[in-house]
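First comes the structure, then the notes that go with it.
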Amino acid sequence: MLSGVILLWFILTALSVAFVAVDIRSTPESPVLKWAFVLITVYTGPFGAFLYVLGCREPLPGLHARYVESRWRQVLGSTMHCVAGDGIGILAGAAIASTLGLSAPVHVALEYVLGFGFGWTIFQALFMRNMAGGSFNRALRQTFVPEFLSMNALMGGMVSVMTISMTHVRGSESPQRAIFWFLMSIALLIGGIVAYPVNWWLVVHHVKHGMMTVRRPGTAEASGRKRTGPRARK
Amino acid sequence: MTMSADAAKPPARATALMALLSIVIFGAGIALSAIFAGRH
């Protein structure tokens with residue numbers, strides 16, 4: 001029964017990733033969020049594709065800026081950015097810790113350090129350094145607090161799901177088995193849900209940016225509205 | 001994905017409270033793990 005569900009999950013995930021990876025190329029979103037949505041779909045399968053269609057995909061030509069204007073979509077973009085970046089480090093940490101058979105506290109600590117480190121230095125500071133005037137060091141300082149808040153909530157949500165499920169589901173502690181990655185997907189999904197309200201606060205208080213509209217120069221829609229978001233409308 | 005410094009930021013106290021809340025959420029996750037995984 002469970003193996004059938006997992007097989008179906010991975011088939012749906014493969015189809016979802018193929019759809020998002022191809023379709024998002026024509027969506028006028030910032031490159032980092034495009035990568036974030038592809039990664040989110042790798043992590044969460046059909047849920048990621050559903051969130052992409054509902055939250056980011058341009059419904060009609062020229063309408064992306066208005067479409068993503070709504071607060072919940074802005075917050076979705078912020079949350080996706082966090083989960084995508086932190087998720088890489090968390091998954092790497094979980095795989096390493098499980099392979100080495102580390103104890104639960106070390107397991108969680110390794111996931112936190114790698115998740116925070118990758119999300120903060122690469123996905124936040126490096127990829128978004130242009131928002132800090134191009135300085136990586138300044139970007140590191142500006143992104144520490146939002147990354148810290150969002151990461152804590154993400155880990156708070158996912159660590160309980162991950163630890164409890166791995167304790168109770170046989171064979172789920174081995175990265176060589178599909179059930180491990182299935183449970184990590186579910187844990188990241190729950191973590192993202194817990195992190196969403198924190199990201200709401202961050203976006204409302206202008207600590208984090210939400211979804212953006214970035215069009216290629218020269219397109220008809222690009223004239224006049226090259227890059228828009230909540231800040232641009234103020 | 002962070003806003004530039006020129007945007008209006010929340011007061012430091014509000015940010016500190018949110019940081020505390022996020023730590024509490026993380027702690028709750030750890031506590032839940034310890035309780036339910038420990039029962040196994």
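A note on names: the letters A, B, ... follow the listed sequences, proteins ahead of strands, and every chain is numbered from 1. All heavy atoms count here, side chains included; hydrogens, waters and symmetry mates do not. Everything quoted here is computed from the prediction, not taken from an experiment.
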Is it the case that atom CZ in A/F136 sees more than 12 heavy atoms from other parts of the structure closer than 6.0 Å?
yes
Just wondering, do A/V198 and B/I25 contact through their side chains at under 4.5 Å, heavy atoms?
yes
Might you point out which heavy atoms bring B/F26 and A/N152 nearest each other, and give the distance in Å?
CB-O, 3.6 Å
Exercise: identify the closest heavy-atom pair between B/P10 and A/V207
CD-CG2, 3.6 Å
Select one option (side chain, backbone, both, neither) describing which atoms of B/A28 are under 4.5 Å from chain A's heavy atoms.
neither
Using 0.5 Å steps for rounding, measure from the OG atom of B/S22 to the CE atom of A/M151.
11.0 Å
Heaviest contributor of heavy-atom pairs below 4.5 Å to chain B, chosen from A/V108, A/V194, A/T163, A/V204, is A/T163
When B/G29, B/A14, B/G27, B/A31 are compared by non-hydrogen pairs under 4.5 Å with chain A, the top option
B/G29
With a 4.5 angstrom heavy-atom cut-off, is it the side chain or the backbone of A/Y112 that approaches chain B, or both, or neither?
side chain
Is atom CZ of A/F47 surrounded by more than 12 heavy atoms (other residues, nucleotides or ligands) closer than 6.0 Å?
no
